[in-house]
J.: 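Just dropping this structure here.
Count residues from 1 along the sequence. From a predicted model like this one, the values you see are computed outputs, not experimental measurements.
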Amino acid sequence: MPRFLIEVDHPEDTYGCAQAIKVFLESGSHFLANADFGCEDNIHKAWFALEADSREEAIMVVPPQYRKNARVIQLCRFSIPEINEILRLHRPKTA
C-alpha cells in the first residue's frame, strides 16, 4: 500500500497555531494526534505519515479547514540493486 507524507500549513499567529494543534489533538485520529509540528522553530506546519490506497484517501484524514493548504507527498524507498539499475540505465552520455 502506498505511503504518504502529509504536510499541513496552519496560521502563524499564536491563537491560530494553538487552534490548529487543538483540532489535531482532539480529532480522534491517531495520525493527527501524533503529528509533528514545527511551530517552536517558527515553521507553522504539521507533518504525519500514513498508508492509504490513494492521495485522495490520504488527504481525507486532514481536517476540512486545513485541506486546501495541505500537501500530499507519496514516499518511496530504494534498494541498492534498484538504484544501481537506474544509474546504469540513465548514465550520462560522454562526449
J.: Looking at Val72 and Arg55, what are the two nearest heavy atoms and their distance?
T.: O-NH1, 2.8 Å
J.: Determine yes or no for a side-chain-to-main-chain donor-acceptor pair under 3.5 angstrom, with Glu57 supplying the side chain and Ser54 the backbone.
T.: no
J.: Apply the test side-chain contact (heavy atoms from CB on, under 4.5 Å) to residues Val23 and Gln19: give CA-CA distance (whole Å), side-chain angles for both, the deciding distance (0.1 Å), then the verdict.
T.: CA-CA 6 Å; Val23 168; Gln19 186 63 35; 3.9 Å; yes
J.: Go through Ile86 and Phe78 one step at a time and tell me if the side-chain contact (heavy atoms from CB on, under 4.5 Å) criterion holds.
T.: CA-CA 10 Å; Ile86 290 169; Phe78 297 96; 4.3 Å; yes
J.: So, the side chain of Arg67 versus the backbone of Val62: is there a donor-acceptor pair under 3.5 Å, distance only?
T.: yes
J.: Could you pull out the closest heavy-atom pair between Lys45 and Asp9, with the gap in Å?
T.: NZ-OD1, 2.8 Å
J.: Ignoring hydrogens and angles, tell me if any N or O in the side chain of Arg3 forms a donor-acceptor pair with the backbone of Ala49 under 3.5 Å.
T.: no
J.: Drop me the distance from Asn69's CG to Arg71's CZ, to the nearest 0.5 angstrom.
T.: 12.0 Å
J.: So, for Glu56 and Met60, which heavy atoms are closest and what is the spacing to 0.1 Å?
T.: O-CG, 3.1 Å
J.: So, His44 versus Phe37, ring centres under 6.0 angstrom or not?
T.: no
J.: Ignoring hydrogens, what is the shortest heavy-atom contact between Tyr66 and Ala20? Give both atom names and the distance.
T.: OH-CA, 3.1 Å
J.: Can you tell me how far the CZ atom of Arg88 sits from the CD atom of Glu85, to the nearest 0.5 Å?
T.: 4.0 Å
J.: For the pair Ser27 and Val61, evaluate side-chain contact (heavy atoms from CB on, under 4.5 Å) and give the outcome as yes or no after the intermediate values.
T.: CA-CA 10 Å; Ser27 69; Val61 174; over 6 Å; no
J.: With the side chain counted from C-beta on, respond yes when Ser29 and Asn34 share a heavy-atom pair under 4.5 Å apart, and no when they do not.
T.: no
J.: When rounded to the nearest 0.5 angstrom, what is the spacing between CD in Glu26 and CG in Leu32?
T.: 12.0 Å
J.: For the atom pair CD (Glu12) and SG (Cys17), what is the distance rounded to the nearest 0.5 Å?
T.: 9.0 Å
J.: Of all the heavy-atom pairs spanning Gly38 and Trp47, show the shortest one and how long it is.
T.: N-CZ3, 3.5 Å
J.: Nearest 0.5 Å please: distance from the CG atom of Asp36 over to the CZ atom of Phe48.
T.: 11.0 Å
J.: Check this for me: Ile80, atom CD1, are more than 12 non-hydrogen atoms of other residues, nucleotides or ligands nearer than 6.0 Å?
T.: no
J.: Enter the distance from Leu50:CG to Phe4:CZ here, rounded to the nearest 0.5 Å.
T.: 8.0 Å
